[in-house]
Amino acid sequence: MPLKVYNSYTRQKEVFHSITPGHVGMYVCGPTVSGESHLGHARPYITFDFIFRYLTYKGYKVRYVRNITDAGHFEEEGKEAEDKVGKKAILEKLEPMELVQKYTNLFHWAMLQFNCVEPSIEPTATGHIVEQINMIEKIITEGYAYEVNSSVYFDLKKYAATHDYGKLSGRVMDELLETTRELDGQQEKRDKADFALWKSAAPEHIMRWKSPWGEGFPGWHIECSAMATKYLGAEFDIHGGGMDLQFPHHESEIAQSTICNHHAPAKYWIHNNMITINGKKMGKSYNNVIKLTEMFSGNHPLLTQAFTPMTVRFFILQSHYRSPVDFSSEALQASEKALKRLWEAYEVLKKLQVGTSEKGTDVALETKVLQWINEFDDFMDDDFSTAKILANMFELAPVINGIKDGHIPANAITASTLVLLQQQFKIYLEDVFGLTQTTSGDDGALQGVMQLLIDIRKESKAKKDYATSDKIRNQLTSLGIELKDEKDGGMSWNR
RNA sequence: GGUCCUGUGGCCGAGUGGCUAGGCAAAGCUCUGCAAAAGCUUCUACAGCAGUUCGAAUCUGCUCGGGACCUCCA
């Protein structure tokens with residue numbers, strides 16, 4: 001079954017054919033590092049992480065480019081830094097690159113927590129001013145941009161006359177021309193809908209670069225076009241990002257790149273849906289932003305507890321990436337427990353021994369198990385249906401636990417099926433979904449201490465000295481270590 | 001106001017016209033010194049109304065509700 005992806009540009013699922021066989025170029029809009037990453041940011045990066053991982057698993061060599069937007073309009077802690085910065089404020093606190101560094105570091109830290117694979121290239125906007133200027137010059141040469149008062153604007157009306165502007169976002173040009181809004185430089189544009197490619201910098205503007213049109217800074221959309229073109233070429237396979245970027249960001253990217261490169265930039269546009277809180281998109285105006293640091297610490301009024309990065313990752317995997325997902329502490333708690341159950345089943349599965357006898361196979365069970373396993377690839381090929389794969393894994397969990405407990409005979413499924421089951425769980429849980437063990441039990445000394453406690457407890461249990469055995473278990477529980485008596489008389493623990 | 005999406009059992013969520021996704025919670029049972037875990041069982045829903053169809057959560061229309069985008073936005 002071939003991989004099918006939903007292409008936002010054509011609004012349908014399409015069979016995925018990479019431009020260069022065996023290779024995939026993927027560009028994903030990265031963060032603006034003017035603030036701390038919040039829960040909403042987690043979704044696109046986790047989504048495109050499992051897409052990247054899956055394409056890699058399918059055998060593609062993927063070049064994954066994700067930019068860092070470190071130029072433009074900056075704020076800190078809700079205060080508009082740039083507009084009101086007098087010289088005093090500049091001296092007192094803000095070196096823009098300090099902010100950029102701080103939030104870039106925080107972003108990288110969060111991505112590490114989520115176990116996201118690092119992109120192949122992570123270019124910064126400020127590192128590509130030259131490329132952006134070159135691109136703007138080309139667009140001017142092509143006749144689709146004009147300079148006014150040291151700023152350069154894209155001539156949207158001219159573009160729209162011969163190109164399908166608005167197709168990606170389902171926008172109609174006439175409507176756009178009617179929108180009224182007060183933006184800086186509005187009166188100097190030929191048309192209200194025209195967007196800036198280069199803006200002349202006011203004297204107090206901190207971040208500024210020399211250009212053929214005077215000192216200024218790049219517009220909001222040109223960086224992605226310039227960097228995508230540089231690292232992935234005029235046409236590449238996948239362009240991704242959040243749905244809210246479709247307009248105007250991605251629409252403008254298409255326009256810029258099409259004029260500059262005489263080719264539409266991306267073959268497939270993939271957009272993830274939003275995370276909402278109580279049905280509302282996360283946003284400063286709603287006062288419902290949960291930063292990732294707050295998420296992991298539980299330090300937020302909307303949170304009843306801390307949630308691990310893996311719980312958040314699992315929570316996102318449980319719904320389809322194109323569906324909106326509503327956040328609540330309750331929903332996260334459910335995910336936390338579900339992940340724990342699934343991961344424990346996986347740990348059990350890893351230790352299951354292949355049976356020696358091929359007799360006694362439960363054909364009905366064997367058939368079902370094989371079907372559930374084989375569907376993993378089918379579901380993923382069907383526009384990355386991660387939720388369905390997890391559902392199948394939960395169907396398989398009782399089988400795995402049943403074999404371990406002895407409810408199901410060890411030879412009920414064939415050895416080859418068991419091996420396949422082990423392989424597929426490993427591939428999907430770890431390699432594709434990027435989940436990792438959240439418990440840390442690899443400490444050698446702790447292992448030894450635990451073994452000692454388990455031995456003591458076994459002895460006291462054998463003597464029916466339950467006071468001692470309960471004391472050990474209760475003390476460990478209060479330390480956050482869970483001790484379980486196994487059916488076979490053994491004991492296992494985790495935390 | 002315009003464009004688009006959406007409304008699934010107590011909660012979260014998957015759903016390609018027919019074959020009760022799954023998870024969490026809850027209840028009962030089994031196992032167990034007691035727990036925990038695990039296993040088994042129960043809970044069969046698709047906003048409302050009308051239509052198409054042998055058959056609709058799934059298609060169409062209307063009504064009501066929710067959301068996104070139209071402005072920086074993941």
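By convention in this document, chain letters (A, B, ...) are assigned in the order of the sequence lines, proteins followed by strands, and residues within each chain are numbered from 1. Computed from a predicted model, the values in this text were never measured in an experiment.
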| said: I want to confirm an ordering. Mapping N401(A) and R43(A) to their closest nucleotides on RNA chain B, which one lands closer to the 5' end? | reply: N401(A)
| query | Using a cut-off of 4.0 Å on non-hydrogen atoms, how would the nucleic acid contact of F394(A) be classed: base, sugar-phosphate, or nothing? | reply | sugar-phosphate
| message | Considering every strand and a 4.0 Å limit on heavy-atom distances, what is the contact class for D470(A): base, sugar-phosphate, or nothing? | response | base
| So what does I408(A) touch, heavy atoms closer than 4.0 Å: a base, only the sugar-phosphate, or nothing? | nothing
| Residue pair H221(A) / E251(A), side-chain donor-acceptor N/O under 3.5 Å | no
| request: Figure out the NZ/C1' separation between K351(A) and A37(B), and round it to whole Å. | output: 13 Å
| request: Please state the P separation for the pair G48(B) and U8(B) - nearest whole angstrom. | output: 10 Å
| Does one side chain, of D382(A) or Y6(A), offer a donor that lies under 3.5 Å from an acceptor on the other? | no
| query | Within the structure shown, what part of the strands sits under 4.0 Å from M393(A) by heavy-atom distance: base, sugar-phosphate, or nothing? | reply | nothing
| Sugar-phosphate, base or nothing in reach of M243(A), heavy atoms under 4.0 Å | nothing
| said: Classify R473(A) by what it touches in the nucleic acid, base, sugar-phosphate, or nothing, heavy-atom distance under 4.0 Å. | reply: base
| Cut-off 3.5 Å, side chains only: do T69(A) and E223(A) have a donor facing an acceptor? | yes
| For L332(A), which contact category applies under a 4.0 Å heavy-atom criterion: base, sugar-phosphate, or nothing? | nothing
| message | Heavy atoms only, 4.0 Å cut-off, all strands: where does H38(A) land among base, sugar-phosphate and nothing? | response | base
| request: Look at all strands and tell whether D382(A) reaches a base, only sugar-phosphate, or nothing, counting heavy atoms closer than 4.0 Å. | output: nothing
| task | Under 4.0 Å between any heavy atoms, over every strand shown, what does K461(A) touch: base, sugar-phosphate, or nothing? Just pick one. | result | base
| With centres under 5.5 Å and planes under 30° as the test, does Y466(A) stack with G33(B)? | yes
| Taking the side chain of F247(A) as heavy atoms from C-beta outward, which of C69(B), A14(B), A74(B) is closest to it? | C69(B)
| Applying a 3.5 Å limit to both distances, which nucleotide forms a Watson-Crick or G-U wobble pair with A26(B)? | U42(B)
| Which part of the nucleic acid does Q246(A) contact within heavy-atom distance under 4.0 Å: base, sugar-phosphate only, or nothing? | nothing
| field | Interatomic distance where CG belongs to L396(A) and P belongs to G39(B) [whole Å] | value | 12 Å
| Sugar-phosphate only, base, or nothing, as touched by A391(A) at under 4.0 Å among non-hydrogen atoms | base
| task | Scan K484(A) against the nucleic acid and name what it touches under 4.0 Å (heavy atoms): base, sugar-phosphate only, or nothing. | result | base
| request: Measure from the side-chain heavy atoms of E330(A) and tell me the nearest of C11(B), G22(B), A74(B). | output: C11(B)
| request: Using a 4.0 Å heavy-atom cut-off across all strands, classify V348(A) as base, sugar-phosphate, or nothing. | output: nothing
